[in-house]
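To start, the structure itself, in structure tokens.
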Amino acid sequence: MSIEIGQVVVERRHGHAWCGLLLYALDGQERILPWSADMGSPRQLVLKLFPSPRDGHLEAVQIHYRELADAIVAQVQPPAP
């Protein structure tokens, strides 16, 4: 299963909470992954992914979790001082 990260779309931001979509391709098939993130403190970020259990989407997210999470965190985490 090869994965290619596309675009991370931030749809909403409210204070230290965000939600959006991650666009990616799995074996050449385009997919969309809804997500939300909440930064309760500068040292803790809670990331929730909402994969569809249909068509192997859940399995793909479990296998490639680190790559998917890293792409989202890069968009919502403020740069280090």
Extract all donor-acceptor atom pairs below 3.5 Å that involve side chains of residues 64-75 and protein atoms in other chains or at least two apart in sequence.
unit_1	atom_1	unit_2	atom_2	d
His64	ND1	Glu67	OE2	3.0
His64	NE2	Met1	O	3.3

Query raised in the report: Taking only residues two or more places apart in sequence, or in another chain, which ones meet His16 in a side chain to side chain donor-acceptor pair (under 3.5 Å)?
Result: none
Query raised in the report: For Gln62, which residues count as a side chain to side chain donor-acceptor pair (under 3.5 Å) partner, sequence neighbours excluded?
Result: none
Please list, one pair per line, the donor and acceptor atoms closer than 3.5 Å that link side chains of residues 23-30 to other protein atoms, with sequence neighbours excluded.
unit_1	atom_1	unit_2	atom_2	d
Tyr24	OH	His57	ND1	3.1
Asp27	OD1	Ser2	N	2.8
Asp27	OD1	Ser2	OG	3.3
Gln29	OE1	Arg31	NH2	3.1

**Report entry** CD (Glu11) with more than 12 external heavy atoms under 6.0 Å
**Finding:** yes
Distance-only donor-acceptor hits, side chain of residues 39-53, under 3.5 Å, sequence neighbours excluded:
unit_1	atom_1	unit_2	atom_2	d
Ser41	OG	Arg43	N	3.4
Ser41	OG	Gln44	N	3.3
Ser52	OG	Arg54	N	3.2

Query raised in the report: How far apart are the closest heavy atoms of Trp18 and Val76, and which atoms are they?
Result: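 In this case the closest contact between Trp18 and Val76 is CZ2-O, 3.3 Å.
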Query - Hphob cluster co-occupancy, Leu21 + Ile3, side-chain heavy atoms under 4.5 angstrom - result: no
Query raised in the report: Is there a path from Ile32 to Leu22 through hydrophobic residues (I, L, V, M, F, W, Y) whose side chains come within less than 4.5 Å of each other?
Result: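 Result: no, two separate clusters.
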